[in-house]
Amino acid sequence: MGDPAGISPELTAKLLALDEIRAAARLLVIGDIRVLRAGAAAAQVEPDVLVVASIGDAPAEADRPAFIDLAHLDPATIELGTVSERGGRFALTNFRTALELAAEGAADAVVFTPFNKAAMRLAHPSYDDEIGYSVEIVGASGPASEFNILDDLWNARVTSHVPLKDVASLLSVDAILRGITLTDASLRAAGIAAPRIAVAGLNPHAGDGGSFGREEIEVIGPAVEKAKVEGFAVDGPFPSDTVFVRARGGAFDAVLTMYHDQGQIAMKLMGFDRGVTLLGGFPFPICTPAHGTAYDIAGRGIANVGAARAALLLAARMASDRLRGKAAAAA
Ligand SMILES: NC(=O)C1=CN([C@@H]2O[C@H](COP(=O)(O)OP(=O)(O)OC[C@H]3O[C@@H](n4cnc5c(N)ncnc54)[C@H](O)[C@@H]3O)[C@@H](O)[C@H]2O)C=CC1
Ligand SMILES: NCC(=O)COP(=O)(O)O
């Protein structure tokens, strides 16, 4: 369960009430049962869960989701729509527990309903984002990054949660090559056999031959050429205001953008109610809806569950594929 002051409690309750979600995986939900009940009341659903105190008490085969009740937050102490250290601590504890369960093999994937980064930072001052925290808890053998996924189209980024004024200085041939490599590997892990990747420019019209900036000529273009030599099916840099039009038409499986909103605006306009964020580069999938905590509508029961549904289904599919792959390799 994510941030208790936003729409996470009602989204968790709505998800657990969906037959399709209960059938997709053996669900272990981590939170406080009182917070789930408050979310269920707001959403006007009645999720049927088996409440247990720890994973050891969850039966291996169960006809309903197990709810691991950490009993660590009374929802009456939370003001909806307000950032708090208490709310951040609740979400952080749930997330850390889920990551640790997955790291020790007791879970195959992690899904979280939205976190509020300001609340997370109050609870854990070194918290920048979910990627940094997951690396802190689980470690990662190579680069880790966020992907936004809408149906069959992926968006990866070279820079993510950084100030816009820093983006140009953070771009390098190596950073872009790392982004291409991780995008290719993550798409393959998700079952796309031969990923086609488009790389966006940074500047208007991809610099227009150097008229509006030289990053395309000096950094992005050379990185794309190097990636081609290494065997990746990659092209660009393309003007970022039209690359998603081509990608939406099926020309590419993924677009690598230079910064967060360059991709997110396009992806969210195309399908706000289905967008998923995947944290790639970890030994197991970590998924969340692409939208956030929506403090402005918290507790009203009107939050759309579509993106949370898509996040859980993607995590379940990726975990199943991975388990099947492991079984096949062992046979
Ligand atoms: N999955 C996650 O953990 C994510 C967390 N965040 C965090 O969420 C916080 C708030 O971020 P914002 O930029 O304000 O974006 P936001 O997505 O929370 O809200 C933007 C607008 O979209 C609406 N909205 C969002 N989700 C909705 C849903 N399911 N149904 C109907 N309307 C919905 C909101 O009401 C608001 O008007 C920040 O701390 C951010 O870091 C942002 C994106 C993803
Ligand atoms: N909590 C995940 C998250 O913030 C992802 O949001 P975004 O950076 O993909 O917008």
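Atom set for the values below is all heavy atoms of this structure, side chains included, hydrogens, waters and symmetry mates excluded. Computed from a predicted structure; not experimentally measured. For ligands, and for the atoms within them, numbers begin at 1 and follow the listed sequence.
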State, with a plain yes or no, whether a side-chain heavy atom of V255 is found less than 4.5 Å away from one of T257. yes
Quick one, list the residues around ligand 2 where some non-hydrogen atom comes in under 4.0 Å, by chain and residue number. F112, K117, E130, E146, N148, R157, H161, H260, Q264, T277, T288
Between V276 and T288, is any pair of side-chain heavy atoms under 4.5 Å apart? no
Student check: side-chain heavy atoms of F252 and I197 closer than 4.5 Å: no
How far does OH of Y133 sit from CG of L99, to the nearest 0.5 angstrom? 7.0 Å
Grab the two heavy atoms, one from R86 and one from T77, that are nearest each other, plus how far apart they are. CD-OG1, 3.2 Å
Of R246, R248, R196, R188, which is the lone residue that meets salt bridge (Lys or Arg N to Asp or Glu O under 4.0 Å) with D253? R196
Of all heavy-atom pairs between R64 and V49, which one has the smallest distance, and what is that distance? NH1-O, 3.3 Å
State, yes or no, whether a side-chain contact exists between E79 and S84 at a heavy-atom distance under 4.5 Å. no
Ligand 1: which residues have a non-hydrogen atom closer than 4.0 Å? I7, F112, P114, F115, N116, K117, F272, T288, P289, A290, H291, G292, T293, A294, D296, I297, A303, N304
Lys/Arg N to Asp/Glu carboxylate O, E85 vs R89, below 4.0 Å: yes
